[in-house]
Amino acid sequence: MNYLVIDLEMCRVSKLYCRSYKYASEIIQIGAVLLDEQFSRIATLCQYVHPEYGVLDNFIEHMTGIRNYDIKRAPGLKEALEHLTEWIGEREYKIFAWSDSDQRQLLRELKAKHIESACINTFMEMDRWVDYQDVFRQRFKLDRQFSLEEALERAEVEPEGNFHDGLDDAVNTGKLIQKLELDPDYQLFDYASLDSNEHLSCTIGDFLEKMQINIG
């Protein structure tokens, strides 16, 4: 069994497109890390995705580091996902993501864009996906969900790269998974919780959904 760690980054979608695309966000980056049976990193993949409706504004550009030239001529979502499944190959695998927001985003976007593909359907099978944010919360009996940044700090995992970059977030989630899965007796480093104002504690997708609800 292999393990695929995935992280998506999104841009905002204007309400002008609500008739053809009613959701608040659209995928612009897919970061993926492939782990072996011992949760060691064996391959990485970063794909930019061209949005059909969304716009890369200054807020998302600053947060993610993604630029318009990264996504202007990038493949669409269907092509990007088919390339991802081809990259995985014939391996048996589970998919780990930090929260269930990436899975929900994919399901919504595939439906809204009428994307049909046998390999994508296999990729999206419900029993293949694991919400590792919830695994983390339940394992340590926490009273709330932790952001990836908080979880890494509490688990004493040194992050690589930049938060809210799809590939870097996938890499860091993989590092956390490896540490916790190989050490079932590990206990979190005990110190006062981080100030929630210092970090974006939800995913970008969830944040954009809340923005849409508050505005509309």
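Because only heavy atoms are used, hydrogens play no part in the values below, and waters and symmetry mates are left out as well, while side chains stay in.
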**Q** Looking at D183, I want to see if its CG is surrounded by more than 12 non-hydrogen atoms of other residues, nucleotides or ligands under 6.0 Å.
**A**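 More than 12 within 6.0 Å, yes.
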**Q** Let me see the working for T64 and Q29 under side chain to side chain donor-acceptor pair (under 3.5 Å), right down to the final yes or no.
**A** CA-CA 10 Å; T64 65; Q29 186 190 20; over 6 Å; no
**Q** Which label fits Y186 and F140: parallel for a plane angle under 30°, tilted from 30 to 60°, or perpendicular past 60°?
**A**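 Rings of Y186 and F140: perpendicular, as their planes differ by over 60°.
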**Q** I'd like to know whether I6 forms a side-chain contact (heavy atoms from CB on, under 4.5 Å) with W129, so could you lay out the CA-CA distance, the side-chain angles of the two residues, the decisive distance to 0.1 Å, and finally the verdict.
**A** CA-CA 10 Å; I6 193 170; W129 286 73; 3.9 Å; yes
**Q** Can you tell me how the ring of Y21 sits relative to the ring of Y53, calling it parallel under 30°, perpendicular over 60° and tilted otherwise?
**A**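 Parallel, since the angle between the ring planes stays under 30°.
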**Q** As an exercise, state the distance from CD of E9 to CD of Q105, rounded to the nearest 0.5 Å.
**A**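 CD of Q105 is found 11.0 Å from CD of E9.
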**Q** Quick check with a 6.0 Å cut-off and a 45 degree axis cone: is R19 positioned over the face of Y17's six-membered ring?
**A**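 No - R19 does not lie over the ring of Y17 by the 6.0 Å and 45° rule.
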**Q** Is a side-chain donor-acceptor pair under 3.5 Å present for E160 with N172?
**A**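 No.
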**Q** Does R128 count as lying over the ring of Y93, i.e. NZ or CZ under 6.0 Å from the six-ring centre, within 45 degrees of the axis?
**A**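 So R128 does make the cation-pi contact.
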**Q** Could you go through the salt bridge (charged side-chain N to carboxylate O under 4.0 Å, His left out) check for R67 and D70 one step at a time?
**A** CA-CA 5 Å; R67 303 290 183 260; D70 293 319; over 6 Å; no
**Q** Less than 3.5 Å apart, any donor N or O on the side chain of S117 or E82 sitting next to an acceptor on the other?
**A**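 There is such a pair between these side chains.
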**Q** Under a 3.5 Å threshold, yes or no: a donor from one side chain and an acceptor from the other, between Y3 and Q178?
**A**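 Distance-only check fails for Y3 and Q178.
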**Q** Give the cluster check for L182 versus L180: same hydrophobic cluster or not, with ILVMFWY residues linked at side-chain heavy-atom distances below 4.5 Å.
**A**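 L182 and L180: one cluster.
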**Q** Would you say L16 and Y23 are hydrophobically clustered, going by side-chain heavy atoms of ILVMFWY under 4.5 Å?
**A**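 In one cluster with L16: Y23, no.
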**Q** Decide if atom CE of M126 counts as having more than 12 heavy atoms of other residues, nucleotides or ligands within a radius under 6.0 Å.
**A**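 At most 12 heavy atoms, drawn from other residues, nucleotides or ligands, come within 6.0 Å of this atom.
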**Q** Roughly how far, to the nearest 0.5 Å, is CG of L77 from NE2 of H50?
**A**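 Between H50 NE2 and L77 CG, I get 12.0 Å after rounding to 0.5 Å.
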**Q** Got more than 12 heavy atoms from elsewhere within 6.0 Å of CD, E92?
**A**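 No, because the 6.0 Å sphere around CD of E92 holds 12 heavy atoms or fewer from other groups.
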**Q** Do side-chain atoms of E26 reach the backbone of E52 as a donor and acceptor pair under 3.5 angstrom?
**A**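 Present.
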**Q** Taking the side chain from K175 and the backbone from E158, do they hold a donor-acceptor pair closer than 3.5 Å?
**A**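 Side chain of K175 to backbone of E158: a pair is present.
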**Q** Taking atom CD of E125 as the centre, does the number of heavy atoms from other residues, nucleotides or ligands within less than 6.0 Å exceed 12?
**A**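 Above 12, so yes.
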